[in-house]
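Report on the following structure.
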Amino acid sequence: MEEKRTELEYQQRELRLLRAELGLNRKQFALEYGIPLRTVEDWEHGKRKMPEYVLRLLTYKVRLDSLGKGSEEKAKA
């Protein structure tokens with residue numbers, strides 16, 4: 001059970017860090033990535049464990065979006 005708890009805590013922390021990186025609250029994050037708000041809340045509160053691939057995909061998508069925004073800002077300058 002301890003291993004599962006540690007994994008949940010890791011997921012909670014990573015999801016919060018992703019949201020913070022984007023500067024989005026839970027509702028904004030849920031809308032931006034097409035995830036039900038209740039699901040995001042449950043993941044962050046440790047009520048539900050997200051599949052590992054979902055966290056990997058979200059991390060990838062957030063990083064990709066960040067790179068795209070950097071390119072857009074350079075083009076405007």
Problem - Donor-acceptor contact below 3.5 Å, side chain Glu14 vs main chain Gln11 - result: no

Handout entry: Between CG on residue Leu64 and CG on residue Leu57, distance to nearest 0.5 Å
Key = 11.5 Å

Problem - 4.5 Å side-chain heavy-atom contact, Leu58 and Ile35 - result: yes

Practice task
Run the salt-bridge test on Arg63 and Glu21 with the 4.0 Å N-O cut-off and return the result as yes or no.
Solution key: yes

Practice task
Using a 4.5 Å cut-off on heavy atoms from C-beta on, say whether the side chain of Trp43 contacts that of Leu8.
Solution key: no

Practice task
Please check if the side chain of Glu44 supplies one atom and the backbone of Gln12 the other of a donor-acceptor pair under 3.5 Å.
Solution key: no

Practice task
Please examine the side chains of Leu55 and Tyr60, heavy atoms only from C-beta on, and report whether any two atoms are closer than 4.5 Å.
Solution key: no

Practice task
Would you check if Thr59 and Arg56 make a side-chain contact, meaning some heavy-atom pair closer than 4.5 Å?
Solution key: no

Handout entry: Short side-chain to backbone donor-acceptor contact, Arg48 and Thr39, under 3.5 Å
Key = no

Problem - Exceeds 12 heavy-atom contacts within 6.0 angstrom, atom CZ of Arg16 - result: yes

Problem - Min side-chain heavy-atom separation Glu52-Glu7 under 4.5 Å - result: yes

Exercise for the section: Might you point out which heavy atoms bring Pro36 and Ala30 nearest each other, and give the distance in Å? Expected result: C-CB, 4.3 Å

Exercise for the section: Output, in order, the C-alpha distance, side-chain angles, deciding distance and verdict of side chain to side chain contact (heavy atoms under 4.5 Å, CB included) for Val62 and Arg19. Expected result: CA-CA 9 Å; Val62 167; Arg19 282 195 314 101; over 6 Å; no

Fill in the blank from the handout: For Val54 and Met50 the tightest heavy-atom approach is CG1-SD, 4.2 Å

Problem - Pair Arg26 + Glu41, salt bridge at N-O below 4.0 Å - result: no

Exercise for the section: Drop me the distance from Asp42's CG to Leu37's CG, to the nearest 0.5 angstrom. Expected result: 9.5 Å

Handout entry: Check: Asp65 and Tyr33 side chains under 4.5 Å, non-hydrogen atoms
Key = yes

